[in-house]
Amino acid sequence: METFYLLLVIFLFILAIFDLSVGVSNDAVNFLNSALGSKAASFKTIMIIAAVGIFAGATLSNGMMEVARHGIYQPQYFYFSEIMCILVAVMLTDVVLLDIFNSLGMPTSTTVSLVFELLGGTVALALIKIINTEGALQFGDLLNTDKALTVILAIFVSVAIAFFFGTLVQYLSRMLFTFNYKPRMKYFVAVFGGIATTSIIYFMLIKGLKDTTFMSGEVLAWVDQNTSKIVWGCFISSTFIMQILHWCKVNVFKIVVLLGTFALALAFAGNDLVNFIGVPLAGYAAYLDYISYGGTVSPDGLLMTSLLGPAKTPWYFLIASGLVMVIALFTSKKAHNVVKTSLDLSRQSDGDEAFGTSPVARVLVRTCSNMSSSILSVVPESVKQWTDKRFNQDEIILEKGASFDLIRASVNLVLAGLLIALGTSLKLPLSTTYVTFMVAMGSSLADRAWGRESAVYRITGVLSVIGGWFITAGAAFLICFIVATIIHFGGTAAILAMVGLAIFSLVRSNITFNKKAKKETVSPTVKKLMVTEDSDVALDLFREHTRNELESVLAFAGEKFDKSVHGFMNENLRDLRKVLAAIEEQKFHLRQVKRIGTLGVTQLDRAIAVEKGLYYYQGNDFASEIVFSLRRMTEPCKDHIDNNFKPLSDAQKDEFGKMADEVITFISRCMLEIKRNDYTAFDQLVEKAVSISNALTQLKKNELKRIQGQSGSTKVSMVYLNMIQETQNVVSFTSNLIKVSRKFQME
């Protein structure tokens, strides 16, 4: 039995390695968002600074390991086997749940997931114990719900506070510095840098290092007694240093951003480490207590009173955890995906939006717009003009490729750190994820980054992320409740089954994520187009991008037309459903392409932008119409087969099959013309389109004669005529597409 539980503890640590990896992927947004978004330094430099902060925080901190030991359950009432059941269920649930959120690019709280997983597993075992003891034990004996209730309160408090102060502080900072901040740096940058640095140091002392094993009790007591002196000393000295750095032509804002990145990374690793290794360490401690009896006590008879004692985490566990987190930070693609979500929602410029729109977001935008109009109607015109000058984005100073400027990045980091430190000092455990994300959203709102063209998308995104936070709590509780119950009654077989299910979920999630990432990869041509300042180069790149996209659309059209036709003829319902699913994805992709094209038009010289832009939009419209025609053709075919109606007759299959082959060949030839950018066969293709259209018209006449002679099924005839009509549309739109493409590519 000792061997079995030893293997279980080893398994917990293996899961902890995965949990550390997915946890870093999730929480990377907390400390990377501002530095990466503002391009305060090179990507490599930012990652190194964050990695040093993570490693320092992990190795110096004992964390709040008591949460997993006795923060939710009362261990003195649970046997060793029951505690191990809860801990295994928690780790299995946590790894899978966080990986799902990371794959979706949605930042969530590891603290909330841990607490509610522990709560779900504990409630499951508590119910079983209450039933088995016939009410001798009650929930009040077995559960410590204060922690869960505190976290729920922190969700509401941190979201509202962080968003409000993020908006307010950024608005005041922008009014002070404006978007063209360099001329005003000589007046305010030293004080701003002093306040920012002092806030960051205060944050590191109060939040980042308060539970470290490195700092003795005497040192912590001295820091607590002399906090005000430390703060004033830091402010005076840092203000002086920042002024010196400014005189030496060093950008103080970059120093603040990098220092803030280090501080948040340190605090994340130091305090959130319990969310990843607290559970296996609790299992390890429970196992050591169990084997100390030398096998004289049954796992079902040993109460875990020992877990009431304080946690003493061995240093080698902390160092190993720090190494795993650093490696995960550098290698995890999902970490970059989560950061991308935050940057997309807070970037200053318009562009491709990651989220769609929702009814709630549309109502909020209309309501806020009406309120804003009402308020502005009573504001003096001179005040409005002066304010608009302070927010003149034409003068914005942005690093190349940055989502926002260094002013906003500094506010994000400093304010997030300060709010978390203040919350900690008031015994209110504000979530690092909630605070950093909502401060970033509030500051982007204050910076007028949510314009009329993007507000509804950004608000939908923010609401989606916030909704995900609440879903985390419910999902963590419910899934862990179910898993713990299954493991308790199923024993070893259930554990193996749950492990297999978790591995399958992780593997499938990564395969799906990699496929999605490949689809969403921005082409090198588009990247070059977005940054070039040469209008001639921009035109060449725009043409290349357009050729690639139109070629892709025609390749898609030829393949799906073929599958749709033969799927219907062969009564293959699965193929028809796949075609419809692919068409929906293609429609979404074409909308993205259109938005990218709009940005591409802005890069062109004004003399040709109107003409080329018109051809581009016409080409995109024709490409969309081809896809819509495919959907209008495939949908009735799918419904026909799904209802098990009569198939096409042999005569219909024969005549339409031949025409379908001609259409596919025609589409392929058009695709090659566009790919090669060689339109020597253009006239022949136009003639071929007319010939195919005439032949399809003849097929219609033949079918109408069959209907008149009542020689076939009416339902089959209706679907068949629809196929012919939409095929004609595909040919017509393809012909128009190649005409527009030729005009667009011509000098």
Side-chain angles (χ1 to χ4, degrees), residues 27 29-38 40 107-109 154-179 181 192 195-196 199-200 202-203 207 253 256-257 259-261 263-264 267-268 338-339 341-348 361 364-365 368 372 387 390-391 393 396 402-424 426 428 430-451 454-455 457-466 469:
D27 284 0
V29 66
N30 298 339
F31 47 84
L32 291 178
N33 174 54
S34 295
L36 292 178
S38 63
T108 190
S109 173
I155 291 176
F156 293 100
V157 173
S158 60
V159 167
I161 288 178
F163 188 78
F164 173 77
F165 281 102
T167 305
L168 178 63
V169 174
Q170 179 60 31
Y171 185 84
L172 295 175
S173 299
R174 189 62 69 195
M175 291 287 284
L176 181 66
F177 285 101
T178 74
F179 282 100
Y181 59 82
F192 181 88
I195 294 173
S199 299
I200 290 169
Y202 177 73
F203 167 70
K207 178 68 177 173
F253 293 118
V256 171
V257 171
L259 184 59
T261 300
L264 275 178
F268 150 71
V338 177
V339 172
T341 298
S342 183
L343 292 181
D344 283 344
L345 293 174
S346 60
R347 70 172 182 268
Q348 192 68 40
L364 280 173
V365 169
C368 293
S372 176
T387 304
R390 310 301 290 180
F391 284 86
Q393 297 187 31
I396 190 171
S403 298
F404 43 80
D405 69 355
L406 292 166
I407 300 287
R408 192 177 348 149
S410 301
V411 169
N412 286 347
L413 288 164
V414 172
L415 185 59
L418 192 58
L419 286 175
I420 294 168
L422 289 173
T424 302
L426 295 172
L428 181 64
L430 297 183
S431 166
T432 308
T433 300
Y434 298 163
V435 170
T436 52
F437 181 82
M438 293 310 296
V439 165
M441 295 304 101
S443 64
S444 63
L445 174 63
D447 250 359
R448 301 185 180 181
W450 297 4
S454 60
Y457 299 107
R458 307 285 175 90
I459 292 174
T460 299
V462 173
L463 293 176
S464 299
V465 173
I466 294 174
W469 296 342

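These values consider heavy atoms only, across backbone and side chains, with no hydrogens, waters or symmetry-generated copies.
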S.K.: Which heavy atom of V435 sits nearest to which heavy atom of A162, and what is that distance?
M.R.: O-CB, 3.7 Å
S.K.: Are I161 and M438 close enough, and set up right, to give a side chain to side chain contact (heavy atoms under 4.5 Å, CB included), and what steps lead you there?
M.R.: CA-CA 9 Å; I161 288 178; M438 293 310 296; over 6 Å; no
S.K.: My understanding is that only residues two or more places apart in sequence, or in another chain, count here; which of them pass ring pair (Phe, Tyr, Trp, His ring centres under 6.0 Å) with F391?
M.R.: Y171
S.K.: Is the shortest heavy-atom distance from the side chain of Q170 to the side chain of I407 under 4.5 Å?
M.R.: yes
S.K.: Quick one: are R408 and S444 in side-chain contact, heavy atoms under 4.5 Å?
M.R.: yes
S.K.: Between R174 and R390, is any pair of side-chain heavy atoms under 4.5 Å apart?
M.R.: no
S.K.: Grab the two heavy atoms, one from L406 and one from S38, that are nearest each other, plus how far apart they are.
M.R.: CD2-OG, 3.7 Å
S.K.: Between V257 and A409, what is the shortest heavy-atom contact and its length?
M.R.: CG2-CB, 3.7 Å
S.K.: Name the residue from S199, S410, S34 that meets the side-chain contact (heavy atoms from CB on, under 4.5 Å) definition with V256.
M.R.: S410
S.K.: Please say whether more than 12 non-hydrogen atoms of neighbouring residues, nucleotides or ligands are located less than 6.0 Å from CZ in F163.
M.R.: yes
S.K.: For S443, what residues pass the side chain to side chain donor-acceptor pair (under 3.5 Å) criterion, not counting sequence neighbours?
M.R.: N412
S.K.: Apply the test side chain to side chain contact (heavy atoms under 4.5 Å, CB included) to residues L413 and L264: give CA-CA distance (whole Å), side-chain angles for both, the deciding distance (0.1 Å), then the verdict.
M.R.: CA-CA 8 Å; L413 288 164; L264 275 178; 3.3 Å; yes
S.K.: Locate the shortest heavy-atom distance separating A196 from V414; write the atom from each residue and the value.
M.R.: CB-CG2, 3.4 Å
S.K.: How close do F165 and L415 get, heavy atom to heavy atom, and via which atoms?
M.R.: O-CD2, 3.3 Å
